[in-house]
Amino acid sequence: MNYQYTNEFRLNLVEWFNKEKRDLPWRRTSDPYKIWVSEVMLQQTRVDTVIPYYNRFLEKYPTLQDLAFAPQEELLKMWEGLGYYSRARNLQAGVKEVVEKYNAVVPDNRHDISKLKGVGPYTAGAVLSIAYQKAEHAVDGNVMRVLSRVLHIEEDIALPKTRKVFEEAVEMLIDEQYPGDFNQALMDLGAMICTPTSPKCLLCPVRDYCIAFSEGDADKLPIKSKKVKTKKVQFKVFVAMNQEGQCLLEKRPSEGLLADMWQFPMIEVTEKADSEEVFQENYNVQILNHIDKELLKFKHIFSHLTWELECTQVQIEQKSELPDAVQFLTIEQIKALPMPVPMLKILNVLN
DNA sequence: AAAGCGGGGAG
DNA sequence: CTCCCAGCTTT
């Protein structure tokens, strides 16, 4: 694209944005901290899903300091249901760093802000351009889709190295005067007009500058290879009550899937061993009788694997000391703990 | 460069 | 069903 076209492209794009932009909570502030929170929540997560979480989160943690000193379990509870829970811990780590090293002021340059936990190339550019009006690229899936069509870029967007191609494209195109609006305009365009399937080219403010539109193959772009192979794992889940009506709960390890989240004890179903025997041995308890053999049976689908859960409610007694990270809790206590969605489903059918 | 990491909505 | 979303971290 030559200079003349580049200039018209940004003018049309930003003008469209000013007229059509969505009214979103994080667009009513210029606080870098709040914009940072919104960007982290929006990683791999839809706008409609994020809105209520964002509002509750900032009501609870209005400032960097509030979040920096929040108990981790309370923080995870605020994040409950949003997924990718490491985002919450990384965000808090990053916020702590800003409080300690930068006098509670979010850095305004890519070098420093990129060192913060959980802040990658996209989030860095988004915060810098939106909160600080810096002409920095913020390339996400939306931007890659839009620009792959406008510039007819046929490189595989699933490959890590391809992101650089789009970052350089943004550096050429970005509106130096309104970089935040420019970046957000690309995202809104991707969300509302230049959608993954059935792009609404006839409504597009920049179709005159779009090579894919003129070639008539916008729906063939972007090119993305990577296919996901999903594995299946079966578990028996034990809703195990003691004589006092308390329930056995366990905290997951601090690394890996659903780190630090709480769950009902679950045993992988194999041909080799009986799940109930393994449960009793691993948790040092004895099953007295079955209250409900099939309390609930359902699947939970993650992006990379599927859990098939069979839940049994049993009466148990403790035989010896409980393992670390395992305890008896009342239903009320359980409700205050951060739990992944599949466990919330089980909790919801109790009583 | 590839894998791991949630959950939900759209088609 | 499949795709993919305002991605980052670890290996």
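In what follows, chains carry the letters A, B, and so on, assigned in the order in which the sequence lines appear, proteins first and then strands, with residues in each chain numbered from 1. Computed from a predicted structure; not experimentally measured.
Residue E39(A) has its side chain nearest to dA6(C) when only dG7(B), dC5(B), dA6(C) are considered. Residue P196(A) places its side chain closer to dC5(C) than to any other of dC5(C), dA6(C), dG4(B). Each of dC4(C), dG6(B), dG4(B) was ranked by its minimum atom distance to the side chain of L258(A); first place goes to dG6(B). Nearest nucleotide to the side chain of P340(A), out of dA6(C), dG7(B), dG7(C): dG7(B). Listed candidates were dA6(C), dG8(B), dA2(B). Nearest to the side chain of L159(A) is dA2(B). Set against dC4(C), dG7(B), dC5(B), the side chain of Y85(A) has dG7(B) as its closest nucleotide. In the set dA6(C), dG11(B), dG6(B), the nucleotide with an atom closest to the side chain of D188(A) is dA6(C). Set against dG8(B), dT9(C), dA6(C), the side chain of K117(A) has dT9(C) as its closest nucleotide.
Heavy atoms of V119(A) sit under 4.0 angstrom from primed sugar atoms or phosphate atoms, though from no base atom. Nucleic acid contact for D48(A): none, since no nucleic acid atom lies under 4.0 Å from a heavy atom of the residue. Using a 4.0 Å heavy-atom cutoff across all strands shown, P342(A) reaches sugar-phosphate atoms only and no base atom. Among the atoms of the strands shown, none is found under 4.0 Å from any heavy atom of G190(A). Nucleic acid contact for R145(A): sugar-phosphate only, since backbone atoms but no base atoms lie under 4.0 Å from a heavy atom of the residue. Contact annotation for T123(A): backbone-only contact, meaning every heavy-atom pair under 4.0 Å involves sugar-phosphate atoms and none involves a base. Among the protein residues, W79(A) comes within range of no part of the nucleic acid, since none of its heavy atoms lies under 4.0 Å from any strand. Among the atoms of the strands shown, base atoms are found under 4.0 Å from some heavy atom of Y122(A). Within the nucleic acid shown, L344(A) has no heavy atom closer than 4.0 Å to any nucleic acid atom. Residue-level contact check: R89(A) touches neither bases nor backbone, having no heavy atom under 4.0 Å from any strand. Here L82(A) lies in heavy-atom contact (under 4.0 Å) with a base.
At a cut-off of 3.5 angstrom, counting only N and O atoms as typed in the model, there is a donor on one side and an acceptor on the other between the side-chain of T45(A) and the base of dG6(B). R87(A) contributes no side-chain N or O that forms a donor-acceptor pair with the base of dA6(C) under 3.5 Å. On a pure distance criterion of 3.5 Å, a polar donor-acceptor pair joins the side chain of S303(A) and the base of dG6(B). For R46(A) and dC4(C), a side-chain-to-base donor-acceptor distance below 3.5 Å is present, hydrogens and geometry of angles not being considered.
One can place CE of M41(A) at 15 Å from P of dG7(B), the figure rounded to the nearest angstrom. Rounded to whole Å, the distance from CG on N90(A) to C1' on dG6(B) is 15 Å. For L42(A) and dG8(B), the CG to P distance is 16 Å, given to the nearest whole Å. Atom CG in D260(A) sits roughly 14 Å away from atom C1' in dC5(B) (whole-Å rounding). To the nearest angstrom, P of dA6(C) lies 18 Å from CG of D181(A).
A donor atom on one side chain and an acceptor atom on the other are found under 3.5 Å apart for Q184(A) and R27(A). Residues Y122(A) and E39(A) have side chains that bring a donor and an acceptor to within less than 3.5 angstrom of each other. Donor-acceptor pairing under 3.5 Å is recorded for the side chains of Y209(A) and N12(A).
On the C1' atoms, dC5(C) is 12 Å away from dG6(B), given to the nearest whole Å. Spacing of P atoms, dA6(C) relative to dA3(B), comes out at 24 Å, to the nearest Å. As rounded to the nearest Å, dG8(B) and dC8(C) have P atoms that lie 22 Å from one another.
Judged by the 6.0 Å distance and 45° axis criteria, R56(A) is positioned over the aromatic ring of Y53(A).
Comparing I130(A) and K299(A) by the nucleotide of DNA chain C whose heavy atom lies nearest to each, the residue mapping closer to the 5' end is K299(A). Nearest-nucleotide mapping onto DNA chain C: of K224(A) and R163(A), the residue sitting toward the 5' end is K224(A).
Under the 3.5 Å distance criterion, the side-chain polar atoms of Q234(A) are left unmatched by any main-chain donor or acceptor of E268(A).
Relative ring orientation between F57(A) and Y61(A) is described as perpendicular, the plane-to-plane angle rising above 60° on a 0-90° scale split at 30° and 60°. Using cut-offs of 30° and 60° for the angle between ring planes, the F238(A) and F279(A) rings count as parallel.
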